[in-house]
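In what follows, a structure is listed as structure tokens, so that the remarks can point back to it.
Since we're looking at a predicted model, the values are computed, not measured.
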Amino acid sequence: MKSRTAILFIGVLAFGSFGLFVGAQAQDAGQAELPSAPSASQQQSQAPAPRQTAPSPPPPETSSPQTPSQPAPVSSDPVKPDGAATSAQPANDTGKSQTPKTGNAPKPTSPEGTILEDDESLTTIRHTVNEVNVVFTVTDRHGRYVKDLKRENFKVIDDSKPAPDIRSFHAETNLPLEVGLLVDASNSVRDRFKFEQQAAVEFLNQTVRPKYDEAFVVGFDVTPEVTQDFTDNTELLSVGVRSLRPGGGTAMYDALYFACRDKLMKAQHNGPVRRAIILLSDGDDNQSHVTREEAIEMAQRADVIVYTISTNLSGAGHHGDKVLERIADATGGRAYVPFQITEVANAFAAIQEELRSQYAISYKPADFATDGRYRSVEILAQGQKGLRVRSRHGYFAPTQ
């Protein structure tokens, strides 16, 4: 009886051990079939303890399950080269998932999918412009504008040497115009400010052609203020002029410097244009941070012709008038000194006529160098007697 009991007990133990072994094998087999993350081995070595997560769903049935030692490649770049079909690539094809060689690497693409060239083929092309453009006017011995001259009537002297090659020549009547109106709004012009505003509005209405020319308005006392930015709408320009209010000191040089550097030099245009500034002031500067010559140099670098209209009505030689004359002469413009307030409108009308009576010439200097040096320019009229040419006296060569 005792022997039977012992045999029965041993059988029960053997059967239980076999059941536990089979269950453990089935659990190991189930865990082997779960998909593993591509960076599972790295995460295990970095994380001190695994986080408890919900069990992953079983994978689809495959003939050869993927092993953790060769994970499927994961791409972090959502933009793919044109013609790529990564979804058709087998997940267990480790030979194609390796990093391609440099010679066979796919070209990067832009967000729009356009294939870009390698960095080695992205070459920056630097082209130095070695042409000089000069805008000028011609008058006869009586001061009347001469508008029917040809290319052969002119000779260019650049830095004391004749220009060997004149590239282009044409009348400026049909070229777009960019005009900056700078109005002195300091206390010194308070008594005649309203009339000056009206004269400026009339000038803009008669000069700016819609959809062709553009102008902006800047009032200045101690600081320049843009009351109307670039526009071809004369109504908006009129509002910009009438919104000016006199008061404060005078920073005329700062206003001219600002208008040339921050407005005209940065203006976007598709073709050649003429740039001009009409400066309406008494010429007495007492607040500027830049000097008169620095303001003139900035106007020359911006290819701006400055016309000045004095608001001094004393009739005697005023220091401010000489300052205005210096600015106009250095930039190829003209200084107007009205003796009566009503003559301010006549000065605006004369400027308007000159802007429609200009020539433009483009030439290549004899020994052009990109050294940033100031070079003198002189336009000579030939073939007729008594002709007078007015233009800027020079320019600053570009630098590399």
Side-chain angles (χ1 to χ4, degrees), residues 179-204 215-229 236-264 276-299 302 304-331 333-348 351:
V179 180
L181 179 62
L182 274 60
V183 181
D184 188 342
S186 61
N187 275 324
S188 59
V189 298
R190 181 182 295 272
D191 57 340
R192 50 196 179 274
F193 193 70
K194 290 293 184 181
F195 186 87
E196 294 170 0
Q197 284 179 307
Q198 183 60 35
V201 168
E202 292 297 328
F203 166 77
L204 293 172
F216 64 94
V217 180
V218 173
F220 63 91
D221 42 29
V222 293
T223 57
E225 178 187 3
V226 179
T227 57
Q228 177 56 55
D229 210 339
L236 295 178
L237 293 170
S238 300
V239 173
V241 173
R242 292 193 171 97
S243 64
L244 296 173
R245 296 291 181 271
T250 307
M252 181 181 67
Y253 304 146
D254 286 354
L256 178 59
Y257 192 96
F258 163 79
C260 293
R261 184 192 65 178
D262 297 331
K263 302 304 297 180
L264 289 168
I277 282 179
I278 289 83
L279 176 59
L280 185 66
S281 174
D282 59 6
D284 289 331
D285 189 301
N286 53 25
Q287 295 287 337
S288 285
H289 296 84
V290 302
T291 65
R292 179 190 66 184
E293 295 306 310
E294 288 173 337
I296 290 175
E297 178 179 335
M298 183 53 63
V304 175
I305 300 175
V306 181
Y307 299 92
T308 62
I309 301 177
S310 173
T311 58
N312 297 308
L313 303 179
S314 61
H318 193 273
H319 171 71
D321 294 342
K322 296 180 181 180
V323 172
L324 296 174
E325 184 178 355
R326 163 63 184 156
I327 295 174
D329 182 70
T331 59
R334 189 174 178 180
Y336 295 88
V337 184
F339 292 101
Q340 299 179 11
I341 192 64
T342 55
E343 294 181 0
V344 173
N346 297 335
F348 274 114
I351 295 174

Practice task
Output, in order, the C-alpha distance, side-chain angles, deciding distance and verdict of side chain to side chain donor-acceptor pair (under 3.5 Å) for Ser310 and Asp321.
Solution key: CA-CA 6 Å; Ser310 173; Asp321 294 342; 2.5 Å; yes
If you round to the nearest 0.5 Å, how far is [atom2] of [Y] from [atom1] of [X]?
{"X": "Glu294", "Y": "His289", "atom1": "CD", "atom2": "NE2", "answer": "12.0 Å"}
{"X": "Arg334", "Y": "Asp329", "atom1": "CZ", "atom2": "CG", "answer": "12.0 Å"}
{"X": "Glu297", "Y": "Thr331", "atom1": "CD", "atom2": "OG1", "answer": "13.5 Å"}
{"X": "Tyr257", "Y": "Thr291", "atom1": "OH", "atom2": "OG1", "answer": "9.5 Å"}
{"X": "Arg192", "Y": "Gln340", "atom1": "CZ", "atom2": "CD", "answer": "13.5 Å"}
{"X": "Ser186", "Y": "Asn286", "atom1": "OG", "atom2": "CG", "answer": "7.5 Å"}

Identify the two heavy atoms, one from [X] and one from [Y], that lie closest to each other, and give their separation to 0.1 Å.
{"X": "Asp221", "Y": "Ala185", "answer": "CB-O, 4.0 Å"}
{"X": "Val241", "Y": "Leu181", "answer": "CG2-CD2, 3.9 Å"}
{"X": "Ala302", "Y": "Cys260", "answer": "CB-O, 4.0 Å"}
{"X": "Gln198", "Y": "Arg242", "answer": "OE1-NH2, 3.4 Å"}
{"X": "Gly240", "Y": "Thr227", "answer": "O-OG1, 2.8 Å"}
{"X": "Ile296", "Y": "Arg326", "answer": "CD1-NE, 3.7 Å"}

Practice task
Decide yes or no on side-chain contact (heavy atoms from CB on, under 4.5 Å) for Phe203 and Val344, but give the supporting numbers first.
Solution key: CA-CA 10 Å; Phe203 166 77; Val344 173; over 6 Å; no
Problem - Criterion side-chain contact (heavy atoms from CB on, under 4.5 Å) on Asp254 and Thr223, from CA distance to verdict - result: CA-CA 7 Å; Asp254 286 354; Thr223 57; over 6 Å; no
[Y] and [X], any side-chain heavy atoms less than 4.5 Å apart:
{"X": "Phe220", "Y": "Ser281", "value": "yes"}
{"X": "Pro338", "Y": "Ile309", "value": "yes"}
{"X": "Arg292", "Y": "Val323", "value": "yes"}
{"X": "Val226", "Y": "Phe258", "value": "yes"}
{"X": "Val183", "Y": "Phe193", "value": "yes"}
{"X": "Asp184", "Y": "Met252", "value": "no"}
{"X": "Leu264", "Y": "Phe216", "value": "yes"}
{"X": "Ile327", "Y": "Leu256", "value": "yes"}

Practice task
Step by step, work out the side-chain contact (heavy atoms from CB on, under 4.5 Å) result for Leu204 and Phe348.
Solution key: CA-CA 9 Å; Leu204 293 172; Phe348 274 114; over 6 Å; no
Handout entry: More than 12 heavy atoms of other groups within 6.0 Å of Glu325 CD
Key =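 Open.
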Problem - Working for side-chain contact (heavy atoms from CB on, under 4.5 Å), residues Leu237 and Val217 - result: CA-CA 7 Å; Leu237 293 170; Val217 180; 4.0 Å; yes
Exercise for the section: Please check if the side chain of Asp282 supplies one atom and the backbone of Asn312 the other of a donor-acceptor pair under 3.5 Å. Expected result: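 The answer is no, because no donor-acceptor pair under 3.5 Å joins these two groups.
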Handout entry: Passing candidate, side-chain contact (heavy atoms from CB on, under 4.5 Å) with Leu182, options Leu280, Ile277, Val306
Key =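 For Leu182, the side-chain contact (heavy atoms from CB on, under 4.5 Å) check succeeds only for Ile277.
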